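So you know, we letter chains A, B, ... as the sequences are listed, proteins then strands, and number each from 1. Everything numeric here is computed off the predicted structure, so don't read it as measured data.
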Amino acid sequence: MLTFPFSMRITDELANLLRTALAEAERSGQLPSAGAVQPTIERPQHPEHGDYSSSVALRLARTLRMAPMAIAERIAAAVPAHDAVAGVSVALPGFINFVLADDWLARQVDAIRTQGSTYGNVEIGGRKRIQVEFVSVNPTGDLHVGHARGAVIGSGLATLLDAAGFGVQREYYVNDGGNQMRTFVDTVYARYMQAAGHDVPLPELAYQGEGPQRLAEEILREDSGRLVPLPRDEAARQLLPVVLRKVLASIRADLEQLGVRYDNWFSEQGLLVDGTFDEAMRLLGERGYLVDREGARWFTSTRLGEDKDNVVVRSGGGGPTYFGTDIAYHYDKFIRRKFERVINVWGADHHGHVARMKAVVEALGVDPDRLTIILNQIVSFKQGALAVRFSKRKGQIVTVRELVDVVGPDACRYIFLSRSPDSQMEFDLELATKQSLDNPVFYVQYAHARIASVLRMAEERAVTWDDGDTSLLRHPLEMGLVRHILVLPDVVKLAAERLEPHHIPRYAEELARAFTHFYDARDECRILSSDPADLPVSKARLKLVDSARVALARCLSLMGMTAPDRM
RNA sequence: GCGCCCGUAGCUCAGCGGAUAGAGCACUGGUCUUCGGAACCAGGGGUCGCGAGUUCGAAUCUCGCCGGGCGCGCCA
């Protein structure tokens with residue numbers, strides 16, 4: 001009898017069984033040699049096809065020149081006994097189906113509870129250093145509502161990669177070195193002087209809205225007009241760090257409200273002052289990817305198959321372009337800080353930047369596959385059937401802060417996380433704020449609160465269940481719940497491998513449903529019974545719902561949501 | 001014009017080349033006296049945008065077309 005440590009995913013165990021079976025069938029001459037094969041394990045959609053299945057026989061049919069069913073039968077016959085597996089069968093057109101053993105399933109309940117908040121972790125990252133950079137909006141005002149999606153996807157992805165065993169760093173790239181920042185500071189300066197009673201005109205292309213003005217008035221109040229007598233350039237120079245500090249503090253506070261935190265805030269300006277920019281340019285030059293033309297310096301992307309070259313240093317002493325400093329930034333990520341992988345989460349409007357950025361990384365001598373750029377499509381908002389157009393004047397939601405105030409961080413995160421970044425999603429404000437089970441956010445959290453409530457009630461009735469015997473669990477609803485709980489590690493693995501956090505909320509909903517089905521079978525599977533004879537099975541069921549609590553809480557924490565004990 | 005993303009049930013969305021394409025909402029009908037009814041069960045509803053191709057097998061891969069979004073700056 002083969003056994004594996006409980007921390008191993010059941011799908012890996014089944015794949016191993018198939019590998020063993022395949023090797024054995026080849027050794028005994030039942031099957032011709034197939035070479036190296038990685039049997040895949042799927043979860044069938046229909047329960048009559050078992051708990052897990054494999055199409056390995058279908059895939060082998062061609063190379064082995066045999067009928068798929070014959071291959072499946074010979075593999076299935078050679079599958080070694082395993083205490084997790086109650087049955088192996090074959091089905092047309094050539095599937096091998098596995099049914100898990102109830103007693104083995106029941107034993108997993110204690111194993112899951114032992115793992116607690118680490119349940120669902122998988123080891124696919126090997127502690128590899130990976131950076132997730134996201135949001136990175138110019139520090140020129142509040143985060144717009146459109147930035148919330150990238151913030152949630154980026155932070156969700158980072159948490160997921162953590163759980164998958166990567167060494168993750170969350171980073172915000174602060175664009176404090178470019179024209180936009182300068183224009184913003186100039187705008188604040190003009191507003192500052194105006195507030196101090198001086199008729200200083202706004203710069204060309206000044207930032208509109210009341211943001212710069214409010215900021216200017218605040219700074220004026222705090223520094224009592226210290227900058228008024230200074231020459232314009234000097235005043236702007238001194239104003240920049242003050243503006244930056246205030247705007248970043250506001251952005252940071254808004255993101256924290258949304259459950260988003262960073263390990264590092266990285267300054268673009270720093271790349272210029274500490275020589276990183278020059279170093280990156282030197283390397284690119286040495287490798288022959290820079291050319292001076294029309295007074296500017298260009299990166300010759302065309303050498304790497306791009307449509308056109310791109311300016312990295314402007315003509316007329318204009319300094320580096322955004323693209324130029326981004327080269328230095330990626331030089332820093334890969335060559336200075338030696339991240340093995342870098343993930344950038346960008347809005348879809350940065351699409352045009354992707355190909356040349358990959359080209360740059362390649363030009364720096366780094367495998368471009370180490371850079372992944374996730375583009376999230378734009379979000380539109382609606383209120384029930386009505387489209388919402390954002391307009392400050394109408395007093396509608398415009399900033400991330402306002403969105404979080406109205407919808408709440410949990411619902412906000414869940415909704416953004418449950419859609420693939422590729423979808424041009426619609427965010428229904430009405431549904432998101434609905435306090436009912438129409439709202440999947442509440443359905444999942446409600447299941448957790450219900451479990452907490454049952455456990456509280458057990459405590460009130462002085463039922464101790466640490467000694468519960470899970471082998472008493474055998475009802476189909478009990479087994480069904482364990483089956484669902486056991487899927488979490490595979491979901492984490494899949495989501496992390498594919499960098500797709502949206503599988504987590506889908507699974508969480510499925511798990512919540514499995515719990516609710518079990519819970520709702522009041523007659524057949526009552527957890528707390530008034531009949532003393534039911535005490536042993538009550539204790540076993542308390543352990544079962546506690547393991548469901550562990551898995552639900554883990555899902556919620558992976559999504560950066562709270563796991564409420566009461567609602 | 002070129003490039004990328006999207007098109008799946010009335011709506012919002014899942015779907016790793018595999019079995020009868022799924023979930024929630026909405027709709028229709030039904031269930032339950034104790035653990036949280038903010039519940040549960042059942043049912044109807046699909047040319048997977050259209051057309052070819054590859055494959056034992058295509059919503060999934062390839063090509064073409066249609067529709068929507070985004071991009072193609074010495075902006076970021």
Side-chain angles (χ1 to χ4, degrees), chain A residues 40 42-46 48-49 53-55 58-59 61-62 67-68 91-95 97 136-138 140 175 178-181 183 205 268 294-298 307-308 310-316 318-326 347-356 375-378 380 382 384-385 415 418-428 431 434-440 442-443 446 449-458 461 494 497-498 500 502-503 505-506 509-510 513 516-517 519-523 525-530 538 541-542 545 566-567:
Chain A
T40 56
E42 296 113 44
R43 223 157 50 100
Q45 293 191 359
H46 299 278
E48 63 268 28
H49 295 136
S53 71
S54 177
S55 57
L58 288 158
R59 291 174 213 287
R62 180 190 308 224
L92 282 169
F95 290 99
N97 297 332
S136 299
V137 173
N138 284 339
T140 55
N175 292 117
N179 285 332
Q180 309 234 348
M181 188 65 200
T183 305
L205 306 170
E268 176 190 16
E294 301 158 28
R297 177 160 294 175
W298 301 70
D307 290 347
K308 56 189 165 221
N310 293 278
V311 172
V312 295
V313 181
R314 297 182 180 90
S315 58
T321 60
Y322 168 79
F323 180 53
T325 49
D326 222 10
D349 54 337
H350 284 61
H351 169 79
H353 197 47
V354 173
R356 62 172 180 250
L375 296 176
N376 61 82
Q377 298 297 317
I378 55 168
S380 54
K382 63 172 189 171
I415 290 168
S418 61
R419 268 74 153 180
S420 148
D422 285 334
S423 72
Q424 296 164 23
M425 64 172 285
E426 278 196 49
F427 192 116
D428 187 341
L431 179 63
K434 220 166 171 181
Q435 303 277 322
S436 80
L437 298 201
D438 302 353
N439 183 346
F442 284 89
Y443 188 84
Y446 184 69
R450 250 182 178 172
I451 294 173
S453 164
V454 172
L455 298 180
R456 267 198 308 275
M457 172 97 35
R461 296 190 189 175
L494 176 78
E497 280 172 349
R498 291 164 53 168
E500 292 176 350
H502 68 268
H503 298 288
R506 300 260 152 204
E509 207 175 325
E510 196 182 305
R513 201 158 299 281
T516 305
H517 285 185
Y519 174 85
D520 207 67
R522 298 135 187 269
D523 300 327
C525 289
R526 167 150 296 275
I527 303 163
L528 292 171
S529 165
S530 45
S538 270
R541 284 177 183 155
L542 284 163
V545 296
R566 289 188 168 84
M567 292 176 71

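If you take atom P in B:U62 and the same atom in B:C5, they sit 9 Å apart, rounded to whole Å. Taking the C1' atom of each, B:C50 and B:C66 are spaced 7 Å apart, rounded to whole Å. Taking atom P in both B:U12 and B:C72, one finds a spacing of 28 Å when rounded to whole Å. B:A21 and B:A58 have their P atoms separated by 13 Å, given to the nearest Å. A gap of 24 Å separates the P atoms of B:U8 and B:G3, to the nearest Å. Rounded to whole Å, the separation between the P atoms of B:C13 and B:G49 comes to 15 Å. The same atom, P, is picked in B:G51 and in B:A14; the two are 24 Å apart, to the nearest Å. Rounded to the nearest Å, the gap between the P atom of B:C25 and that of B:G71 is 36 Å.
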A:Ser380/A:Gln424 under side chain to side chain contact (heavy atoms under 4.5 Å, CB included): CA gap, chis, key distance, verdict: CA-CA 8 Å; A:Ser380 54; A:Gln424 296 164 23; over 6 Å; no

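For B:G69, neither phosphate oxygen OP1 nor OP2 lies less than 4.0 angstrom from any side-chain nitrogen or oxygen of A:Gln424. The phosphate of B:A39 (OP1 or OP2) has no side-chain N or O of A:Arg450 nearer than 4.0 angstrom. Phosphate contact (OP1/OP2 of B:C56, side-chain N/O of A:Arg62, threshold under 4.0 Å): present. Between A:Lys308 and B:C2, a side-chain N or O to OP1/OP2 separation shorter than 4.0 Å is absent. Within the structure, a side-chain polar atom (N or O) of A:Tyr443 is placed less than 4.0 Å from OP1 or OP2 of B:C40. Checking the phosphate oxygens (OP1, OP2) of B:G18, no side-chain nitrogen or oxygen of A:Ser55 falls inside 4.0 Å. Side-chain N/O atoms of A:Asn175 include none lying less than 4.0 angstrom from OP1 or OP2 on B:A76. The side chain of A:His517 places no N or O atom within less than 4.0 Å of a non-bridging phosphate oxygen (OP1 or OP2) of B:A39. In this structure, A:Arg419 does not reach the B:A14 phosphate: none of its side-chain N or O atoms is under 4.0 Å from OP1 or OP2. The phosphate of B:A14 has OP1 or OP2 within less than 4.0 Å of a side-chain N or O from A:Ser423. Between A:Arg314 and the phosphate of B:A76, there is a side-chain N or O to OP1/OP2 separation shorter than 4.0 Å.
Distances from the side chain of A:His502 to the nucleotides B:A19, B:A14, B:C75 place B:A14 closest. The side chain of A:Met425 sits closest to B:C13 out of B:A38, B:C13, B:A19. Of the candidate nucleotides B:A19, B:C35, B:C40, B:C40 has the atom lying nearest to any side-chain atom of A:Thr516. Listed nucleotides B:A76, B:C6, B:G17 differ in distance to A:Arg59; the shortest reach to its side chain belongs to B:G17. Here the nucleotide nearest the side chain of A:Ala348, chosen from B:G22, B:C70, B:U34, is B:C70. Minimum atom distance to the side chain of A:Asn179 is reached by B:A76, of the listed B:A76, B:C70, B:G15. Checking B:G36, B:A76, B:C13 against the side-chain heavy atoms of A:Ala449 singles out B:G36 as nearest. Distance from the side chain of A:Asp349 is smallest for B:G71 among the nucleotides B:G71, B:A76, B:G36. Side-chain proximity of A:Pro44 to B:A19, B:A38, B:C40: nearest is B:A19.
Counting non-hydrogen atoms of neighbouring residues, nucleotides and ligands closer than 6.0 angstrom, the CZ atom of A:Arg461 exceeds 12 such neighbours. Summarising the local packing, CZ of A:Arg297 is surrounded by 12 or fewer heavy atoms from other residues, nucleotides or ligands at distances under 6.0 Å.
When heavy atoms are screened at a 4.0 angstrom cut-off, A:Arg356 is found touching base atoms of the nucleic acid. Using a 4.0 Å heavy-atom criterion, one finds that A:Ser420 contacts the sugar-phosphate atoms exclusively. No engagement by A:Glu268 is indicated, since no non-hydrogen atom pair under 4.0 Å with the nucleic acid exists. A:Phe323 comes within 4.0 angstrom of nothing in the nucleic acid, heavy atoms only.
Following rounding to the nearest Å, A:Arg506 (CZ) and B:C13 (C1') show an atom-to-atom distance of 5 Å. To the nearest angstrom, C1' of B:A39 lies 7 Å from OH of A:Tyr446. Atom pair A:Ile415:CD1 and B:C25:C1' shows a separation of 13 Å (rounding to whole Å applied). Atom CD in A:Gln45 sits about 5 Å away from atom P in B:G22, given to the nearest Å. Note: CE (A:Met457) to P (B:C35) measures 7 Å, nearest angstrom. If you take NE2 of A:His353 and P of B:C5, they are 18 Å apart, rounded to a whole angstrom. Rounded to whole angstrom, the span from the CD atom of A:Glu510 across to the C1' atom of B:A14 amounts to 11 Å. Atom pair A:Leu431:CG and B:A38:C1' shows a separation of 14 Å (rounding to whole Å applied).
B:C25: Watson-Crick or G-U partner is B:G10, with both key distances under 3.5 Å. Across all strands shown, B:G73 forms no Watson-Crick or G-U wobble pair with both key distances under 3.5 Å. Base pairing of B:C65 is made with B:G49, judged by Watson-Crick or G-U wobble geometry with both donor-acceptor distances under 3.5 Å. Pairing for B:G36 is absent, judged as Watson-Crick or G-U wobble with the two contacts each under 3.5 Å. Both distances falling under 3.5 Å, in either a Watson-Crick or a G-U wobble arrangement, place B:G18 opposite B:C56. Judged by Watson-Crick or G-U wobble contacts below 3.5 Å, the nucleotide B:G44 has no partner.
Judged by distance alone with a 3.5 Å cut-off, a donor-acceptor contact links the side chain of A:Arg526 to the base of B:U34.
For A:Ile378 and A:Arg43, each mapped to the nucleotide of RNA chain B holding its nearest heavy atom, the one lying further toward the 5' end belongs to A:Arg43. For the pair A:Tyr322 and A:Glu509, nearest-nucleotide mapping onto RNA chain B gives the more 5' position to A:Glu509.
Considering CD of A:Glu509 and OG1 of A:Thr516, their distance stands at 10.5 Å, rounded to 0.5 Å. A:Met181 CE to A:Thr140 OG1: the interatomic distance, rounded to the nearest 0.5 Å, is 7.5 Å. A distance of 4.5 Å separates NE2 of A:His350 from OH of A:Tyr322, quoted to the nearest 0.5 Å.
Ring centroid separation for the pair A:Phe95 and A:His49 does not come in under the 6.0 Å cut-off.
Between A:Arg314 and A:Glu294, none of the side-chain N atoms (NZ, or NE/NH1/NH2) sits under 4.0 Å from a carboxylate O, so this pair counts as no salt bridge.
Between A:Asn175 and A:Val137 the shortest side-chain heavy-atom distance does not fall below 4.5 Å.
For A:Ser418 (side chain) and A:Pro505 (main-chain N/O), no donor-acceptor pair under 3.5 Å exists by modelled atom type.
By the 5.5 angstrom centroid cut-off and the 30-degree plane limit, A:Phe95 is classified as stacked against the base of B:A19. For the pair A:His350 and B:G71, the ring geometry does not qualify as stacking, because the centroid separation below 5.5 Å and plane angle under 30° are not jointly satisfied.
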